[in-house]
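Below is one structure, written out as C-alpha cells, with a few remarks after it.
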Amino acid sequence: MEIAIPDALLDAARQAQHIAVLTGAGVSAESGVPTFRDAQTGLWAKFNPQELATREAFARNPKMVWEWYAHRRALVAQAAPNAGHYALVEMEKRAPRFTLITQNVDGLHARAGSQNVIELHGNLFRAKCFREDVPVPNWVDDGQIPPRCPRCGSYLRPDVVWFGEALPPRALAAAFDAARTCDVFFSIGTSGAVEPAASLPFDALRHGATVIEVNPEETPLSNRATFTLRAAAGAALPKIIAREQWIKNG
Ligand code: OAD
C-alpha cells in the first residue's frame, strides 16, 4: 500500500531546528527481532516478564535469566539494521540538532551508524555487577553461568532496566530535555505501554512540538499526535527522507 506523507509533515520536519525521535521494538521488527507485546510473536506472549525481567527473578534463578538474555543476544547478533534504522541515520545528518532516544536494548541504531543514542532501557551487550550495580566492561568467561564480577565475585547481570527498576538518571533527564525543547518529535514503533518513556511524546506536545507517530497499529498517542502514519517504520521513514532535501543550517 502506498504511504502518503503529508506536505505539512515534511514542512515541519524541514523547518525544524531540533528533531527528537523516540523508538521502540517496532523499529527492529523488520530486522527479525521480536517485539514485546505482539500477541503471537511478542516476547511477553511467550515468556513471563515476572520470571525473567525483575531483580527477584534473577535472585531466584540467575542461570535461567542469564541464559534467556544470552539467547536474545544471539538473536540480535544475527540481525541487521533495516531501512528504518538507516533513514534515522540520514535524518540525523540533515537536522540542525537531532536527539535519538530508544527503549530498545538491541544496539541496532548504533550498528546502523546513529550517533549519541540515548538508551533508556540499557543494552543487551553490556553487563553489570548484580551486587554493586556498576558496569563491568570486561569479565573472565570461565564457564560459570552467570559469569562473576571480577571485583566482588557476585553474579553479573545484563545491563538492562528490569521491571520495578529506575531508568539511568542522566539518560532520562536528557530524553525529557529533548522532548521539551524539540520542534518535531517522532514516536516510532512503540506501543506506549511503559512509563516513563510513554510520557515523552505527550510532554513534547505540551511544549508545542509537532508530534508524528509511525506505527501500523493504534496506540494511546494516535488521536493526540499531530500526524499519524499507519505504516511500518521501514516503509515510512525512507519515504520521509527521500522526499526531504533538508538544507543543513550549519
Ligand atoms: P511493544 O512490543 O510494546 O510495541 C511495539 C510496537 O511496535 C507496537 O505498537 C507495534 O504495533 C509496533 N510495530 C510493530 N512492527 C512495526 C514496524 N515494522 N514499524 C513500526 N512499528 C511497528 O514494544 P515497546 O513499545 O518498545 O521494556 O515496549 C516498551 C518496553 O516494554 C520495552 O522497552 C521493554 C518492554 O517491557 C523493558 O524491558 C524495561
Side-chain angles (χ1 to χ4, degrees), residues 22-25 27-28 31-36 43-44 46-81 85 99-178 190 193-200:
L22 172 69
T23 64
V27 82
S28 294
S31 297
V33 179
T35 64
F36 291 89
L43 287 172
W44 298 153
K46 292 187 185 161
F47 304 98
N48 176 352
Q50 295 314 317
E51 279 174 23
L52 289 160
T54 64
R55 280 189 70 81
E56 297 69 30
F58 185 83
R60 262 197 317 273
N61 195 336
K63 183 169 183 300
M64 179 180 80
V65 172
W66 181 270
E67 286 179 332
W68 186 65
Y69 281 94
H71 159 73
R72 289 180 59 193
R73 268 195 301 276
L75 257 178
V76 171
Q78 283 160 15
H85 294 107
T99 308
L100 177 53
I101 307 155
T102 190
Q103 297 167 88
N104 299 345
V105 293
D106 57 28
L108 287 177
H109 284 302
R111 273 173 60 191
S114 289
Q115 309 293 314
N116 312 318
V117 182
I118 298 175
E119 293 179 315
L120 285 179
H121 294 164
N123 187 303
L124 276 175
F125 296 89
R126 290 196 304 263
K128 60 182 182 177
C129 174
F130 182 60
R131 180 189 298 155
E132 301 161 309
D133 203 35
V134 289
V136 174
N138 308 303
W139 65 84
V140 179
D141 188 354
D142 57 5
Q144 291 193 79
I145 299 177
R148 298 309 176 100
C149 172
R151 253 192 315 273
C152 75
S154 173
Y155 290 123
L156 293 186
R157 54 161 287 180
D159 186 5
V160 297
V161 175
W162 282 333
F163 289 98
E165 292 190 316
L167 275 60
R170 272 202 311 211
L172 191 58
F176 274 95
D177 177 61
T190 181
V194 173
E195 292 291 355
S199 295
L200 288 164

Pairwise ring-ring contact (aromatic ring centres under 6.0 Å, His included) hits with a residue in residues 100-124, at least two apart: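 Every pair satisfying ring-ring contact (aromatic ring centres under 6.0 Å, His included) with a residue in residues 100-124: His85-His109.
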All side-chain contact (heavy atoms from CB on, under 4.5 Å) counterparts of Ala80, not counting sequence neighbours: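 For Ala80 there are no side-chain contact (heavy atoms from CB on, under 4.5 Å) partners, ignoring immediate neighbours.
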Set of residues satisfying side-chain contact (heavy atoms from CB on, under 4.5 Å) with respect to Ala53, sequence neighbours excluded: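 Counting only residues at least two positions away or on another chain, Ala53 forms a side-chain contact (heavy atoms from CB on, under 4.5 Å) with Trp44, Tyr69, Trp162, Phe163.
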Between [X] and [Y], what is the shortest heavy-atom contact and its length?
X      : Y      : value
Pro81  : Leu108 : CG-O, 3.8 Å
Val33  : Ala79  : CG2-CB, 3.9 Å
Leu156 : Cys149 : CD2-CA, 3.6 Å
Ala197 : Leu120 : CB-CD1, 3.9 Å
Pro34  : Leu75  : CD-CD1, 4.2 Å
Thr190 : Gly24  : CB-CA, 4.0 Å

Set of residues satisfying side-chain hydrogen bond (donor to acceptor under 3.5 Å, both in side chains) with respect to [X], sequence neighbours excluded:
X      : value
Glu67  : Lys63
Glu119 : Asn123, Arg126
Ser199 : Glu195
Tyr155 : none

Atom [atom1] of [X] and atom [atom2] of [Y]: how far apart are they, to the nearest 0.5 Å?
X      : Y      : atom1 : atom2 : answer
Ile118 : Phe176 : CD1   : CZ    : 11.5 Å
Leu22  : Thr99  : CG    : OG1   : 11.5 Å
Leu167 : Gln103 : CG    : CD    : 9.0 Å

Under 3.5 Å donor-acceptor, Thr102 side chain and Asn104 backbone: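 Confirmed, Thr102 side chain pairs with Asn104 backbone.
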Exam field: side chain Thr54 to backbone Ala57, donor-acceptor pair closer than 3.5 Å: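 Indeed, once roles are kept as given, a pair shorter than 3.5 Å links the two residues.
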Residue pair Phe125 / Val76, side-chain heavy-atom distance below 4.5 Å: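 The answer is yes; the side chains approach within 4.5 Å.
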Within-4.5 Å side-chain heavy-atom neighbours: Leu100 and Thr23: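 Yes. Closest side-chain heavy atoms under 4.5 Å.
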Residues which pass ring-ring contact (aromatic ring centres under 6.0 Å, His included) with Trp66, listed by chain and number, not counting sequence neighbours: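 Partners of Trp66 under the ring-ring contact (aromatic ring centres under 6.0 Å, His included) test: none.
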Pairs meeting criterion salt bridge (charged side-chain N to carboxylate O under 4.0 Å, His left out) with involvement of residues 104-115, two or more places apart: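 Residue pairs with at least one partner in residues 104-115: there are none.
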Working for side chain to side chain contact (heavy atoms under 4.5 Å, CB included), residues Met64 and Leu52: CA-CA 8 Å; Met64 179 180 80; Leu52 289 160; 4.0 Å; yes
Listing, residues 129-138 side-chain donor-acceptor contacts under 3.5 Å, not counting sequence neighbours, or none:
from: Glu132; atom 1: OE1; to: Arg151; atom 2: NE; distance (Å): 3.4
from: Glu132; atom 1: OE2; to: Arg151; atom 2: NE; distance (Å): 3.4
from: Asp133; atom 1: OD1; to: Lys128; atom 2: NZ; distance (Å): 3.1

